[in-house]
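What follows is a set of notes on a single structure, which appears directly below.
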Amino acid sequence: MLQVPYIRENKDLVISRLAKRNIHAAEMINNVIAFDEDRRRIQTELDNTLAESNVLSKEIGNLYKSGQVQEANALKEKTGQLKELSKQLTEDLNAKTTELTELLYKIPNVPNEIVPAGSTDADNEEVFREGDIPKLHEGALPHWELAKKYDIIDFELGNKITGAGFPVYKGKGARLQRALIAYFLDKNTEAGYTEFQLPHLVNEASGFGTGQLPDKEGQMYHVTADNLYLIPTAEVPGTNIFRDVVLNEGDLPIGITGYTPCFRREAGSYGAHVRGLNRLHQFDKVEILRVEHPSKSYEALDGMVAHVKTILQELKLPYRILRLCGGDLGFTSALTYDFEVFSTAQDRWLEISSVSNFETFQANRLKLRFKNSEGKNELAHTLNGSSLALPRVLAGILENCQTEKGIEIPEVLQPYTGFKIID
RNA sequence: GGAAGAAUGGCAGAGUGGUCGAAUGCGGCGGUCUUGAAAACCGUUGAGGGUCACACCUCCGGGGGUUCGAAUCCCUCUUCUUCCGCCA
């Protein structure tokens, strides 16, 4: 959520930057400013009413004490009127505040200056590419065929137990999953991130804190009996660690990492793009999260990108990095880099990581602040990224590392898998 | 799941209808003293709104109510503690 004072002071900038998202925000922004003025006017009026009635209450107390009951009762009439008035004003204030907040909820983050304008993923800007796309042997297969051939992932069994999008990993497939999780966590820990194990269900307040609620409710699985939600990403429990927190400046920066399964309803997805591991209802992901001083957050974003790069280099997978255009940028993000691994047998790129700087957009909603050098509470910047999402990395490994003898496990993973080949 | 108790500032912990944003202690910050430090002493130290700055308003787990007036009384929710039951 954007901050009202920021909008007020940077009105034109906000409107022109939001245009990068193809949003014509002038009317919304003007309304924010108008609603906020209304709100402050009502607030002042209410404050004055309350002040008056506080004074009278004290007088009444004093009159009772000195036995002047008649006079006290006379004053009571007056406070009765003030009470009516303040009740009305409170209602007005609440209504106006709700109106303002609901509007603010609808305004996405202001894109960074370097975000390219554009409307679809075709307008994303490729900023880096590395790794050779392998020449596959005759009869090379897409990952879902390989999964079947080597009996390491059973999609039908998942259908039987749960439904589409819940694959069952078996034997070396299951072991490879565990190896990837351990390897990613170790890499992140080496880079200074602290490992966390987080809840896989969150309450409503947490859903609001990271912005899944109220609007994107349909994307999460909802456990109605207890009013809890299955997490769509570790970002939700991970970021909510910092809800209503005031840090010391010296606590920054903070880096945490955690593995969680992720649950997404993905209503409306269908066709070839959901084939195999491309899009699932349950998948595994290792996430990295940072809380940064506002002056350091872009440096930190670059650091996260560099970190994810090293992992992909070690895995020797062909990948590229995209700077997302305004139209493809997530609602809460100011700048996002997507990592995509090349799926050689499908001849397409698969997103495996998304690294973003949210600046104060999440922190404002979360009330995540730190005490700055002036002793004032100031909103911190939050960032996060995947390092990495498992299924598509797995798809990338299966397809790119296939040989006629079998799947050759990348060297860095072998200590974790305990085997060199799936055959 | 049942019973009882509790939730107050960074922490500990008073406060059961007005003079309470809230005693006291610890911690933090500033100072005096000291060659320096410690100790001691003095001062200061919550958040949000509002204002040029004051004033002023709100907040004692969340929500609602009673009252001229609520940290204090009532209802409700949440969380925690102890006891019982069940259990990986």
Side-chain angles (χ1 to χ4, degrees), chain A residues 1-9 32-101 103-104 197-209 213-214 222-229 237 240-252 254 261 291 360 363-380:
Chain A
M1 176 163 62
L2 294 175
Q3 299 168 81
V4 176
Y6 177 82
I7 293 176
R8 210 188 304 148
E9 284 157 32
V32 166
I33 293 170
F35 289 174
D36 180 56
E37 269 166 20
D38 289 349
R39 202 211 85 231
R40 273 152 47 214
R41 200 198 65 238
I42 299 168
Q43 175 88 62
T44 305
E45 213 175 317
L46 173 62
D47 286 357
N48 292 338
T49 309
L50 289 173
E52 203 177 325
S53 96
N54 284 344
V55 170
L56 288 180
S57 290
K58 266 181 199 163
E59 263 176 59
I60 291 170
N62 289 332
L63 289 172
Y64 272 127
K65 235 177 252 173
S66 55
Q68 295 165 273
V69 179
Q70 295 245 307
E71 288 84 343
N73 286 337
L75 282 185
K76 274 196 198 178
E77 303 231 340
K78 222 172 168 186
T79 55
Q81 289 167 22
L82 289 174
K83 207 172 163 183
E84 271 311 302
L85 181 58
S86 63
K87 201 173 160 188
Q88 183 58 49
L89 287 169
T90 305
E91 275 170 27
D92 294 351
L93 182 66
N94 289 343
K96 191 50 80 175
T97 307
T98 306
E99 203 175 1
L100 177 60
T101 340
L103 182 54
L104 283 172
Q197 281 205 6
L198 296 159
H200 300 167
L201 284 96
V202 294
N203 58 29
E204 228 171 349
S206 293
F208 273 100
L213 296 175
H222 187 192
V223 182
T224 50
D226 298 288
N227 198 24
L228 296 173
Y229 295 85
N240 273 284
I241 293 171
F242 301 102
R243 173 154 45 90
D244 292 317
V245 166
V246 180
L247 298 161
N248 292 313
E249 195 166 10
D251 297 334
L252 301 174
I254 294 171
V291 181
T360 58
N364 189 31
R365 196 144 164 181
L366 290 166
K367 297 207 191 72
L368 163 56
R369 295 160 296 174
F370 68 97
K371 231 171 236 322
N372 67 20
S373 48
E374 289 168 359
K376 290 268 200 287
N377 288 343
E378 184 179 340
L379 292 174

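None of these values were measured; they are calculated from a predicted model. In what follows, every chain begins at residue 1, and chains take the letters A, B, ... in the order their sequences are listed. The basis for the numbers below is simple: all heavy atoms, side chains too, and nothing from hydrogens, waters or symmetry mates.
When side chains are defined from C-beta on, N48(A) counts as touching T44(A), because their heavy atoms get closer than 4.5 Å. In this structure, L252(A) and L247(A) have side chains that are in contact, with non-hydrogen atoms separated by less than 4.5 Å. Residues K367(A) and F242(A) are not in side-chain contact: their nearest non-hydrogen atoms beyond the backbone lie 4.5 Å or more apart. Side-chain atoms of Q88(A) and D92(A), non-hydrogen and from C-beta on, do get closer than 4.5 Å to each other.
For S86(A), the side-chain contact (heavy atoms from CB on, under 4.5 Å) criterion is met by L46(A), T49(A), L50(A), not counting sequence neighbours. The side-chain contact (heavy atoms from CB on, under 4.5 Å) check on Q68(A) picks up L63(A), S66(A), E71(A), with sequence neighbours excluded. Residues passing the side-chain contact (heavy atoms from CB on, under 4.5 Å) test with A205(A) are N203(A), R243(A), sequence neighbours excluded.
For K376(A), no side-chain nitrogen or oxygen approaches OP1 or OP2 of rG46(B) to under 4.0 Å. Contact between the side-chain N/O atoms of R40(A) and the OP1/OP2 oxygens of rU51(B) is found at a separation under 4.0 Å.
Pairs of residues two or more places apart, or lying in two chains, that qualify as salt bridge (Lys or Arg N to Asp or Glu O under 4.0 Å) and include a residue from residues 32-46 of chain A are R8(A)-D36(A), D36(A)-R39(A), D36(A)-R40(A), D38(A)-R41(A), D38(A)-K96(A).
The residue N377(A) sits close only to the backbone: its heavy atoms come under 4.0 Å of sugar-phosphate atoms, none of a base. Among the heavy atoms of the strands lying under 4.0 Å from R369(A) are primed sugar atoms or P, OP1, OP2 only; no base atom is included.
Taking the C1' atom of each, rG5(B) and rG10(B) are spaced 26 Å apart, rounded to whole Å. Using C1' as the reference atom, rG21(B) and rU34(B) are 38 Å apart when rounded to the nearest Å. When the C1' atom is used for both rU8(B) and rC80(B), the distance is 15 Å, rounded to whole Å. rG2(B) and rC77(B) have their P atoms separated by 12 Å, given to the nearest Å. Distance noted for atom P between rA22(B) and rG9(B): 14 Å (whole Å). As rounded to the nearest Å, rU58(B) and rA71(B) have C1' atoms that lie 14 Å from one another. Only the P atoms considered, rA70(B) is 13 Å distant from rG65(B), to the nearest whole Å. Spacing of P atoms, rC42(B) relative to rG64(B), comes out at 44 Å, to the nearest Å.
Separating the CD atom of E378(A) from the P atom of rA47(B) is a distance of 14 Å, rounded to the nearest angstrom. Counting to the nearest Å, the C1' atom of rA47(B) and the CG atom of L379(A) are 14 Å from each other. Computed from coordinates, the I42(A) CD1 to rC56(B) P distance equals 23 Å when rounded to whole Å. What separates CZ of R41(A) from P of rU51(B) is a distance of 13 Å, to the nearest Å. For K96(A) and rG49(B), the NZ to C1' distance is 18 Å, given to the nearest whole Å. Atom CG of L93(A) is separated from atom C1' of rG49(B) by 10 Å (rounded to the nearest Å). One can place CG of L89(A) at 15 Å from C1' of rG49(B), the figure rounded to the nearest angstrom. One atom, CZ of F370(A), and another, C1' of rA47(B), lie 17 Å apart when rounded to the nearest Å.
Nearest heavy-atom pair, K371(A) versus N377(A), reported as atom, atom and distance to 0.1 Å: NZ-OD1, 3.0 Å. The two atoms that bring F370(A) and L379(A) nearest to each other are CE2-O, 3.6 Å, heavy atoms only.
Listed by first residue number, the stems of RNA chain B with at least three Watson-Crick or G-U pairs below 3.5 Å are B:1-7 with B:78-84, B:10-12 with B:24-26, B:27-32 with B:40-45, B:46-49 with B:56-59, B:61-65 with B:73-77.
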Check your understanding: When every nucleotide of nucleotides 58-79 of chain B is labelled 5' to 3' by its protein contacts under 4.0 Å (heavy atoms), B for base, S for sugar-phosphate only, - for none, what sequence of letters results?
Key -> S--------BBS----------
